[in-house]
Peer 1: 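Once you've had a glance at the structure underneath, I'll fire off some questions.
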Amino acid sequence: MSHEGELERWYDAHAAALYAFGLHLTRDEGDTRDLIQEVFVKLARHPELLRNVSDPRSYLFRLLHHASIDRFRRRQTQQAYLAALAAEPAPAFAPTDDPDEQAFRDALGQGLASLPSEQREVMHLKLWQGLTFDAIAEILGIPLNTAASRYRYGLDKLRQHLRPLYEELR
Amino acid sequence: MNLDEFEKRLSRTPVPPLPADLRRQILDAVRREQDRTAVIEPRPGVVTFWLMVCKGLRGLASPSTLFVGAWVVVALLASVGSWLDTHRQPVRSTTLSAHPKPSRLEIVAALRIHRAEITALAHQESAGPDGETTPPLPAAVPSGLLQPRSDFQPPRKLHDKTGPPEVA
């Protein structure tokens, strides 16, 4: 298979997961699109990176995470940028016609937005990508215990945030 | 609220769908990058060789490999030196090599030129400084200068048995 065909196959298999992860990293659709494009352009520029990749999805997550870190480092006013984004609704979940479910998803999105980005990344990879803590630690470049503790703290905060609505919806 | 139940509830919440136009955007960017790279790709052979060497050196940059590599380089230099000692030409003198031996024809030609020069010089000296012949002696020469004296005796030849007449 040609290099371009292989990249196309990788896109079809993993782009949706990358897009969801990118939204949790950047909380902005435009930035997420740019990051995904950056990742695939890098792979097109260096075809040798595709060789010996045992887990393409984890590898793409890692590239996307590094690209987001580089992007935020380039921005001098990262905190100001994130604060500005926090005021906007983050499209973290798919819309639905069910008003109760939509209310829950909105509250979930707000709760995730209130978390530190480190906890948000771990929670997304664990809950919505179904990865193990080992894989998460490798993708984010952190120790295994750190990944587990970030997840536990984030889940506790989210549960506190969603408890009233969750009880009401049950 | 049960924690496991809460986790399952969260994980069931679907993430937003992938934008339909993103695929075209990404693959177009990939194609552009590949076209751009393909234009740049044919590098000069020397650059490609140097990059291969650099890559190889990076791959071999362990202490033991460097040690073995240093010994290989030393052994190569020693073998080249011994080969040169065996096969080199005998050293010639600098002055001799600067003046190569002339051929026989050159020597004969040089001798002829030299003889011609000597002959010309002799003719020139016999002709005088202005090229004229030596003038004859003047007619009025004192007789005493031309006539031998009365007590003059020619020198005795070594093998002349007769000898000069004895004076009584």
Side-chain angles (χ1 to χ4, degrees), chain A residues 2-8 10-12 14-21 23-24 29 32-34 36-47 90-96 101 104-105 108-109 111-112 123-124 126-130 151-152 155-156 158-160 162-163 166-167 169-170, chain B residues 1-69 72:
Chain A
S2 68
H3 183 223
E4 186 181 342
E6 191 171 5
L7 283 179
E8 201 170 335
W10 277 38
Y11 178 87
D12 291 338
H14 309 295
L18 277 181
Y19 182 72
F21 184 46
L23 283 179
H24 280 277
E29 185 184 346
T32 302
R33 297 170 74 109
D34 289 347
I36 294 174
Q37 178 173 325
E38 203 172 307
V39 166
F40 277 89
V41 166
K42 182 178 182 180
L43 291 173
R45 193 180 302 141
H46 304 286
F93 298 100
T96 177
E101 179 63 21
F104 178 78
R105 292 181 188 182
L108 181 57
L112 280 170
M123 291 197 66
H124 175 82
K126 178 70 178 165
L127 287 172
W128 286 280
Q129 302 299 335
Y151 175 74
R152 183 61 58 190
L155 195 63
D156 284 344
L158 206 55
R159 191 165 58 158
Q160 294 299 323
L162 291 175
R163 184 186 295 273
Y166 189 76
E167 296 294 338
L169 292 178
R170 287 184 71 190
Chain B
M1 179 166 42
N2 187 336
L3 195 58
D4 288 340
E5 187 186 346
F6 181 64
E7 281 181 290
K8 285 176 185 169
R9 176 70 180 86
L10 292 184
S11 61
R12 279 201 308 271
T13 310
V15 294
L18 196 60
D21 61 333
L22 184 59
R23 188 176 196 276
R24 186 184 188 86
Q25 172 193 331
I26 300 297
L27 294 182
D28 283 350
V30 164
R31 208 164 290 126
R32 279 196 305 273
E33 181 61 26
Q34 284 178 333
D35 292 344
R36 196 181 68 85
T37 311
V39 171
I40 298 172
E41 197 54 43
R43 290 183 293 239
V46 175
V47 176
T48 307
F49 175 74
W50 178 245
L51 290 176
M52 283 172 59
V53 168
C54 289
K55 194 178 286 184
L57 288 178
R58 274 201 303 273
L60 294 174
S62 69
S64 58
T65 316
L66 289 177
F67 183 74
V68 172
V72 168

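Note: hydrogens, waters and symmetry copies are ignored here, and every other heavy atom, side chains too, is used.
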Peer 1: Does atom CZ (Arg45(A)) have a neighbourhood of more than 12 heavy atoms from anything else shown, all under 6.0 Å?
Peer 2: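 Result for CZ/Arg45(A): enclosed.
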
Peer 1: Between Tyr11(A) and Leu18(B), what is the shortest heavy-atom contact and its length?
Peer 2: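 Scanning both residues completely, I find the closest heavy atoms to be OH-CD2, 3.6 Å.
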
Peer 1: Output yes when Glu5(B) and Arg159(A) qualify as a salt bridge under the 4.0 Å nitrogen-oxygen rule, no when they do not.
Peer 2: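 No, this pair does not count.
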
Peer 1: Before giving the answer on salt bridge (charged side-chain N to carboxylate O under 4.0 Å, His left out), spell out for Arg23(B) and Glu8(A) the whole-Å C-alpha distance, their side-chain angles and the decisive distance to 0.1 Å.
Peer 2: CA-CA 9 Å; Arg23(B) 188 176 196 276; Glu8(A) 201 170 335; 3.1 Å; yes

Peer 1: Say you draw a straight line from CZ of Arg9(B) to CG of Leu127(A); how long is it, rounded to the nearest 0.5 Å?
Peer 2: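 The distance works out to 12.5 Å.
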
Peer 1: Contact part of Asp21(B) toward chain A, heavy-atom cut-off under 4.5 Å: side chain, backbone, both or neither?
Peer 2: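 Both backbone and side chain of Asp21(B) come within 4.5 Å of chain A.
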
Peer 1: Heavy-atom distance under 4.5 Å to chain B: side chain of Phe40(A), backbone, both or neither?
Peer 2: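 Both backbone and side chain.
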
Peer 1: Mind checking the CG-NE2 spacing from Leu10(B) to His124(A)? Nearest 0.5 Å is all I need.
Peer 2: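 Answer rounded to 0.5 Å: 13.0 Å.
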
Peer 1: How far does CH2 of Trp10(A) sit from CD1 of Ile26(B), to the nearest 0.5 angstrom?
Peer 2: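 Interatomic distance, Trp10(A) CH2 to Ile26(B) CD1, rounded to 0.5 Å: 15.0 Å.
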
Peer 1: For chain B, which of Ile36(A), Asp156(A), Leu155(A), Leu108(A) has the most heavy-atom pairs under 4.5 Å?
Peer 2: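 Winner by heavy-atom pair count: Leu155(A).
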
Peer 1: Using heavy-atom distances under 4.5 Å, tell me whether Tyr151(A) contacts chain B through its side chain, its backbone, both, or neither.
Peer 2: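 Just its side chain gets close to chain B.
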
Peer 1: Would you mind reporting whether Ser11(B) and Lys126(A) have side-chain heavy atoms less than 4.5 Å apart?
Peer 2: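 Contact flag for Lys126(A)/Ser11(B) side chains = no.
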
Peer 1: Quick one, Val15(B) with Tyr19(A), criterion side chain to side chain contact (heavy atoms under 4.5 Å, CB included). Give me CA distance, side-chain angles, the key distance, then yes/no.
Peer 2: CA-CA 9 Å; Val15(B) 294; Tyr19(A) 182 72; over 6 Å; no

Peer 1: Do Glu29(A) and Pro19(B) come close enough that some side-chain heavy atom pair is under 4.5 Å?
Peer 2: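 Yes - at least one pair of side-chain heavy atoms lies under 4.5 Å apart.
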
Peer 1: Return the OG1 to CZ distance between Thr13(B) and Arg105(A), rounded to the nearest 0.5 Å.
Peer 2: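 Those atoms lie 6.0 Å apart.
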
